[in-house]
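In what follows, every heavy atom counts, from backbone to side chain, and hydrogens, waters and symmetry copies are set aside. Below, chain A is the first sequence line, B the second, and so on; all start at residue 1.
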There are 2 protein chains.
Amino acid sequence: MAFTYEYARPALTVDCVVFGLDEGELKVLLIQRGLKPFRGRWALPGGFVRVSETVDDAARRELAEESGLKNVFLEQLYTFGALYRDPRERVVSVAYYALVRLADFKTKAASDAKAARWFALSNVPPLAFDHGEILESAIARLRGKLRYGPIGFELLPDKFTLSQLQHLYEAVLGVALDKRNFRKKVLAFDFLVPVAEQAKGAHRPAQLYRFDSVKYQRLRKQGFNFEL
Amino acid sequence: MAFTYEYARPALTVDCVVFGLDEGELKVLLIQRGLKPFRGRWALPGGFVRVSETVDDAARRELAEESGLKNVFLEQLYTFGALYRDPRERVVSVAYYALVRLADFKTKAASDAKAARWFALSNVPPLAFDHGEILESAIARLRGKLRYGPIGFELLPDKFTLSQLQHLYEAVLGVALDKRNFRKKVLAFDFLVPVAEQAKGAHRPAQLYRFDSVKYQRLRKQGFNFEL
DNA sequence: TCAAAAGTGTTCTTGATACACCCATGC
DNA sequence: GCATGGGTGTATCAAGAACACTTTTGA
């Protein structure tokens, strides 16, 4: 690979905004930095992109290394390329956002990564670098996507009640929704299928549903457009 | 700037998908490559990001250098980070898309950049690298944004007729729209203001309008949501 | 006088919203 | 038996879709 270094190159990193739903509340996973700069501050999990991996792979690798999370929904968000994002040197960062079913990963992630913690969005500490800005973009993107795509299910367990789904939408979008209208609408879509089991608690048991992505894809091809 | 090169770094470039509207047809600006690899093939304008400029600035600089276009609408699209995009070495590219008022720039761009040409979308030649894929993403993004944001005006002259606007939507979205419903809707938005002049031609003259971005921003702050 | 594009309202249909009560269970 | 969340239908309203003819100009 002959290449003349005519100009100095910016370094390239990835950063991941990991969202999870905990007790009906939207949370984000942060890592406490052990090294300078911003030592002791909380930051998004991330790191350098290696020359032999795709940028997507780098995001998945860093996520696994720093938080123990694997096989989660991951999508590119935006590339942050301002000059002094990192005080050490010129670093361009490709930001991703991930959605995890927190119920499954809660204990695991906590044990794998000692310095990792979930923070409620209303309670995020000051972040290192421009990670506050990245987080804001991710929240905005999540809100947008949630309305127009079936990504909310990535935050819920495989089987969930309609109330759980509604509360997710209410928590993320910050609005109150009418129960009857909400149920009418999502059931009319016809890609939520009831499963045999029922949820239990100190009250009437609820029907559980799962998201049928095959049905969903079929509908999409027929020109159907998700919107909630 | 002390930095240890623990790992080899991917190179970082920008590529720009430039859209223009020519005689009611959507076109894209391509550059014919003079160097290997893909010598002679058509490609998107773009180049390396310098260490002392932001990524956005790199896109603007390359656009100006390779096509003579300045002060155009420019927005980041997506970052392409596959391994063998470029046969020479590992290159990650941040793609942008730009919208230009072709009527203003047509002659200028043609003279500034000898190897630059506008291609109708239905007539794009095979492109170098993964630029075909980038172009596809840009078209998808343009279609999406056009429905939900006031970016169509970036493709039209400052003063335009409602028919021109409608034809733009029909051309980009590939659908036929009802004239009366279209006019009713856009005029109800109340951010198109009629100007004194009229368009002329071999037929009845049409009222010209301009997009009032101040009015638009005011509406946005009041919770208004553009959708067409 | 003809061709070509501009301009203009009403009806119908569809989807969104608002709204209140009974049900099943655990404690 | 009571507290808690689960589950259901209808009436009203607003927005979108369908639709055809007259007007103005240049050639």
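Using P as the reference atom, C:dC19 and D:dG5 are 23 Å apart when rounded to the nearest Å.
Nearer the 5' end of DNA chain C, as judged by each residue's closest nucleotide, is the contact made by B:H203, out of B:L208 and B:H203.
Environment of NZ in A:K70: sparse, with no more than 12 heavy atoms of neighbouring residues, nucleotides or ligands closer than 6.0 Å.
With hydrogens and angles ignored, the 3.5 Å screen pairs a side-chain donor or acceptor of A:R143 with a backbone N or O of A:V172. Panel note: side chain A:E66, backbone A:G46; a donor-acceptor pair is recorded below 3.5 Å. In this structure, B:Q207 contributes its side chain and B:P194 its backbone to no donor-acceptor pair below 3.5 Å. Between the side chain of A:H167 and the backbone N or O of A:G24, no donor-acceptor pair lies under 3.5 Å. With A:Q32 contributing its side chain and A:G40 its backbone, the two residues share a donor-acceptor pair below 3.5 Å.
Chain A approaches DNA chain D within less than 4.0 angstrom (heavy atoms of the protein), and the contacting nucleotides run 5' to 3' from D:dT4 to D:dT10.
Heavy-atom distances under 4.0 Å link DNA chain C to A:R180, A:N181, A:K184, A:K185 of residues 180-194 of chain A, given in residue order. Sorted by residue number, the members of residues 146-179 of chain A with any non-hydrogen atom under 4.0 Å from DNA chain D read A:S163, A:K179.
Ring centroids of B:Y209 and B:F160 are separated by 6.0 Å or more, keeping the two rings apart. Checked against a 6.0 Å centroid threshold, the rings of A:F224 and A:F189 count as neighbours.
Rounding to whole angstrom units, CD of residue A:Q207 and C1' of C:dA24 are separated by 14 Å.
Residues A:E227 and A:R147 are not paired through a salt bridge, judged by the lack of any N-O separation under 4.0 Å between the basic side chain and the carboxylate. For the pair A:R210 and A:D158, the salt-bridge criterion is not met [side-chain N within less than 4.0 Å of a carboxylate O].
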